[in-house]
Peer 1: 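This is the structure I have questions about; it appears just below.
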Amino acid sequence: MTAHPDYEVVIGLEVHVQLRTRTKLFSTAAVSYGDEPNHHTTPVCLALPGALPVLNGEAVELAMRAALATNCTVHPISIFARKNYFYPDLPKGYQISQFEEPLATEGWLDIQVDDDEGEIRTCRIGITRIHMEEDAGKSLHDGSVVETHVDLNRAGIPLIEIVSEPDMRSPEEAGAYLRKLHAILRSVGASDADMEKGQFRCDANVSLRRHGSTELGTRREIKNVNSFRFVEAAIRAEIGLQAELLGEGGQVHQATVGYDAERDRIFLMRSKENADDYRYFPDPDLIPLQVSEERIEEIRAALPELPEARLARLVETHDLAEAEARQLLVDQGLADFFEAMVAAKAPPRRAARWLSRDVVAWLNEHDRELAAVAGTPEQAATLLRLVEEGRLTVRSAADLLPDLLERGGDPEAWMRERGLEAVSDEGALDTMADEVLAEQPKAVASYKEGDAKSVNFLMGQVMRKTQGKADPGRVREILIRKLEAL
Ligand code: ADP
Ligand code: MG
């Protein structure tokens, strides 16, 4: 998709991801969210004199999983450095982060995007580096008083920063890259990546250049956008601003900006006339992080199935169209539910369509999560089998969907109790069709005069006799056969 007619858009993303550990990166304080402020701190988090950091091995393993799953090279030695700056939520006066020698470099992800012709195109987005670092605390600005409080529960929580090459060319590509990255990190268990809890935060660097130019334009960085949709919208808004400026003969100045989603506006945070100087140096309290070749291979071998491989397997084993399988993989839970349904003998294609359309629509409408529905995959499989066997119409199945999701139970029993069993008995349908044809000579005559639509009216009459419990397609077939024979 072309993002702008006059300029080529260049986007590079920096993503901060919270690793799924129980404790912090350099201390035994628990990783928590939403607890009372300052209840999860140790002398290390508080930067008390003499407190020494001890590296959390679990965090290293999760970071390595993330790196290997994104095709990075994991380095046998990486170095933790001090990034010095002053901020009230950073009591040490520096953040520990890997700088010159990061854990991993040179990875990539392949993403799928729609091109101008509506075809799906694959493009490869380079990953420059993945490094480990600790999170900072949180400043709480209480609106009612002129005071700022500091909560250090978050200080020292393990993060990885995933820096991409400036390889994306449209907001949609940036969105596709983020969604893919998000799915991979979750599937390998590196992070829960819950965006609402700030576990997956994105900074988007955007610049424009004339089509055909090989030099990069000056970028501006949109800070901390935390939903896929907003990242795309923020980049779109930023492209608009830069294009307007350049179109008027102006110049883009490097800057850090924010995005106000409510107003769909970009606002200036700070201009970056001169680069920040963090006076990085290796942290003398921490020895270089060493990982053996065996350990790397062990972690690589133990990686679970990645979304892309799962896609291929779903297409292959269940004869799904690629687009159908992709829709299931939008959410790992959806794909899991699907596989459990198929294991319980649900017809695969019908199950895929039902989940990604009907169920997703219902969940969205009721603002619910699939994980919280009452119905089991086995019960759902029963429902779809009844449809497949012609015992329940698609319409009746749709009527039972809320019961299934909300309460759970046996769809076959509901069908019997509520008298929903479809009239699929050919003989019965045949008789009803004959009756209708006899009762509606006018409609029959107009059909015969070439008004094909009158069959719809006749269908409606037969459906009424079945109280809506027949397959409309089947009724239509029977009617047309009879009308043609008249
Ligand atoms: P910093 O750490 O100062 O933000 P980096 O050089 O590490 O700077 O780049 C950060 C991100 O910005 C990377 O994802 C990179 O791909 C992207 N980037 C760099 N230059 C440009 C540019 N001219 N246009 C768009 N993105 C860019
Ligand atoms: Mg940056």
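Residue indices begin at 1 and follow the sequence shown. Counting convention: from 1, in listed order, for ligands and their atoms alike. As a basis for the values below, the full set of heavy atoms in this structure was taken, side chains included, without hydrogen atoms, waters or symmetry mates.
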Peer 1: Are I296 and R300 packed together at the side-chain level, in the sense that at least one heavy-atom pair is separated by less than 4.5 angstrom?
Peer 2: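 A side-chain contact under 4.5 Å exists here.
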Peer 1: State whether the shortest distance between N or O atoms of G217 and N or O atoms of ligand 1 falls below 3.5 angstrom.
Peer 2: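 Among all N and O atoms of G217, at least one is under 3.5 Å from an N or O of ligand 1.
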Peer 1: Is there a side-chain contact between D264 and Y259 in this structure, where contact means two heavy atoms from C-beta onward sitting under 4.5 Å apart?
Peer 2: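 Yes - at least one pair of side-chain heavy atoms lies under 4.5 Å apart.
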Peer 1: Identify each donor-acceptor pair in which a side-chain atom of residues 97-105 lies under 3.5 Å from a protein atom, sequence neighbours left out, and give them as a table.
Peer 2:
| residue | atom | partner | partner atom | Å |
| --- | --- | --- | --- | --- |
| S97 | OG | E133 | OE1 | 2.9 |
| Q98 | OE1 | L103 | N | 3.0 |
| Q98 | OE1 | M132 | N | 3.0 |
| Q98 | NE2 | S78 | OG | 2.9 |
| T105 | OG1 | H75 | NE2 | 2.7 |

Peer 1: Quick check on contacts: which atoms of ligand 1 are under 4.0 angstrom from a heavy atom of E221?
Peer 2: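 Counting atoms of ligand 1 from 1, those under 4.0 Å from E221 are 4 (O).
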Peer 1: With a cut-off of 4.0 Å, which atoms of ligand 1 are near a heavy atom of L13?
Peer 2: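 Atoms satisfying the 4.0 Å criterion: 14 (O).
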Peer 1: If you take the nearest heavy atom of each of Q254, R219, R209, which one is closest to atom 4 (O) of ligand 1?
Peer 2: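 Nearest heavy atom to atom 4 (O) of ligand 1 lies in R219.
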Peer 1: Output the list of atoms in ligand 1 that are nearer than 4.0 Å to some heavy atom of P166, sorted by atom number.
Peer 2: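 In order of number, 16 (O), 26 (N), 27 (C).
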Peer 1: Taking only heavy atoms of V10, which atoms of ligand 1 are found under 4.0 Å from at least one of them?
Peer 2: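 Here the atoms of ligand 1 in question are 24 (N), 25 (C).
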Peer 1: Are the side chain of H182 and the backbone of L178 linked by a donor-acceptor contact shorter than 3.5 Å?
Peer 2: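 It does not hold such a pair.
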Peer 1: Considering only heavy atoms, does T218 approach ligand 1 within less than 4.0 Å through its side chain, its backbone, both, or neither?
Peer 2: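 Answer for T218: neither.
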Peer 1: Mind checking whether E165 contacts ligand 1 via backbone (N, CA, C, O), side chain (CB onward), both or neither, at a 4.0 Å heavy-atom cut-off?
Peer 2: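 Answer for E165: backbone.
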Peer 1: Using a strict cut-off of 4.0 Å, indicate which atoms of ligand 1 neighbour a heavy atom of L216.
Peer 2: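 Once the distances to L216 are compared, the set is 23 (N).
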Peer 1: Would you find a donor on one side and an acceptor on the other, under 3.5 Å apart, between the side chain of H253 and the backbone of R219?
Peer 2: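 Flag not set: sc H253 to bb R219 has no pair under 3.5 Å.
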Peer 1: Can you find an N or O of V163 that's nearer than 3.5 Å to an N or O of ligand 1?
Peer 2: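 By distance alone, the answer is no.
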Peer 1: Report yes or no: do E161 and H16 form a side-chain donor-acceptor pair below 3.5 Å?
Peer 2: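 Result is yes, a qualifying pair exists.
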Peer 1: Given L25, which of I96, V44, L55 fulfils the side-chain contact (heavy atoms from CB on, under 4.5 Å) condition?
Peer 2: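 Among the candidates, only L55 passes.
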